[in-house]
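Written below as C-alpha cells is the structure these notes are about.
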Amino acid sequence: MSTDLIIHTQSVVKTYNTGKVIVPALRGVDLDIFRGEMVAIMGPSGCGKTTLLNTLSGLDEIDSGLIEIDGRNLSKMDDKTRTRYRAENMGFVFQFYNLLPVLTAAENVEMPLLLSEKKVSAKEARRRAQEALEAVGLSTQANQLPGELSGGQQQRVTIARALVNAPAIVWADEPTGDLDSQTSQDIMDLMRRLNQENNQTFVIVTHSPEIGAQADRIIWMRDGRIEDNPAAVAGALPADLLVRTPLDVQASPLKLQPSF
Ligand code: ADP
Ligand code: MG
C-alpha cells in the first residue's frame with residue numbers, strides 16, 4: 001500500500017480543564033492515515049472523536065505528543081500561517097461550521113477562496129463555487145439563502161464549501177447526522193466520488209454503521225484511545241463491520257467499486 005502518510009500522530013494527549021472537572025479526552029493517540037484514504041472514526045459518545053478531529057485539523061491545541069499533517073507540525077506555525085494553511089489545504093464539514101444565513105449558497109461556498117492567500121478574482125471564485133454546487137447537485141439553488149433550503153441541501157452546501165478549494169484533507173464530523181437515509185447516502189456517494197477522482201483524504205466521524213461500512217477503514221476509539229480490538233468497542237454492531245479491522249486493512253487494502 002501507499003507509504004504516503006498524510007496524517008501521523010504519536011502519543012497525542014489532550015485534557016480539558018473546566019475549572020471544576022478535568023476530562024482526559026485524548027489519552028495517547030497513535031494514528032497513521034494515508035493520502036487518498038477514506039476513513040471512518042467510530043466509537044461511543046464521549047470517547048474523543050470530535051476532540052481528535054479538532055486537534056488533528058489544528059482547530060484546537062494538544063497538551064503533549066506529535067501531530068504531523070503532510071509532514072508539517074501545525075502547532076509550530078504562527079496563527080496566521082496556520083489559518084492560511086488550513087484554509088488552503090483542509091475542508092470542514094462540521095455541524096458548528098454553519099452557513100452564514102445572510103449569504104446565498106454560492107456566496108457561502110466562495111468563502112474559503114476569499115480567505116485564501118492565493119489570489120482568486122471574484123469572477124473566478126464565483127465560477128468555482130458554481131462548479132462545486134453543481135457537483136453536489138445544487139446548481140439551480142446557487143442564489144438561494146440557507147433558510148430557503150432543506151436540511152439535506154444545506155449540508156450539501158457545506159460540503160461544496162469544504163471542497164471548493166480541492167483540499168488535500170476533508171474533515172467531517174457526523175456529516176449525515178440529521179439527514180434521512182437517502183440524503184445520507186447521496187452525500188456519502190458524493191464524498192466517495194471526490195475521494196476517487198481527486199485522491200483527497202476523507203476523515204469522517206460517524207455513529208452510523210452504514211456509513212462506517214462504506215469507508216476504506218474504520219478507526220475505533222474508546223476512552224480517548226485508538227482501540228486495536230474493535231470487537232471490544234463495537235459490541236452490538238453487525239458482525240460484517242468487524243470483518244475489517246485496521247490490521248486487516250493494512251495488510252490488504254479494500255478494493256472499492258465506484259459508488260456512482
Ligand atoms: P465524542 O465526539 O466522541 O462524543 P468528544 O471529543 O466530544 O467525544 O468529548 C470527549 C470528552 O471530552 C467527553 O468526556 C466530553 O464531555 C469532553 N469534552 C469535550 N469538549 C469539551 C470542552 N470544551 N470542555 C470540557 N470537556 C469537553
Ligand atoms: Mg462528537
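Scope of the values below: all heavy atoms of this structure, side chains included, with no hydrogens, waters or symmetry mates.
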Verdict with supporting geometry, Arg86 and Leu59, side-chain contact (heavy atoms from CB on, under 4.5 Å): CA-CA 9 Å; Arg86 292 174 54 239; Leu59 279 171; 2.8 Å; yes
Under-4.0 Å salt bridge between Arg193 and Glu197: yes
No-hydrogen, no-angle side-chain donor-acceptor test under 3.5 Å, Gln185 and Gln214: yes
Value rounded to 0.5 Å, distance of CD1 in Ile187 from CD1 in Ile204: 11.0 Å
Spacing of CG belonging to Asp78 relative to OH belonging to Tyr85, to within rounding of 0.5 Å: 14.5 Å
Salt-bridge contact Arg128-Glu131 (side-chain N to carboxylate O under 4.0 Å): no
Donor-acceptor under 3.5 Å (Lys49 side chain, Gly43 main chain): yes
Side-chain H-bond candidate by donor/acceptor type, Asp173 with Thr50, under 3.5 Å: yes
Asp79 and Arg82 ion-paired at < 4.0 Å: yes
Gln155 and Thr158: side chain donor to acceptor below 3.5 Å: yes
Cluster check Leu113, Met111: I/L/V/M/F/W/Y, side chain < 4.5 angstrom: no
Step-by-step side-chain contact (heavy atoms from CB on, under 4.5 Å) determination, Thr104 to Gln144: CA-CA 5 Å; Thr104 64; Gln144 287 177 238; over 6 Å; no
Test item: Thr81 side-chain N/O and Met77 main-chain N/O as donor-acceptor pair under 3.5 Å: no
Asn198 (side chain) donor-acceptor with Gln200 (main chain) under 3.5 angstrom: no
Heavy-atom pair with the smallest gap, counting every atom of Leu74 and Gly58: CD2-CA, 4.0 Å
Side-chain ion pair, Asp216 and Arg192, N-O less than 4.0 Å: yes
Side chain Glu37, main chain Phe34, donor-acceptor under 3.5 Å: yes
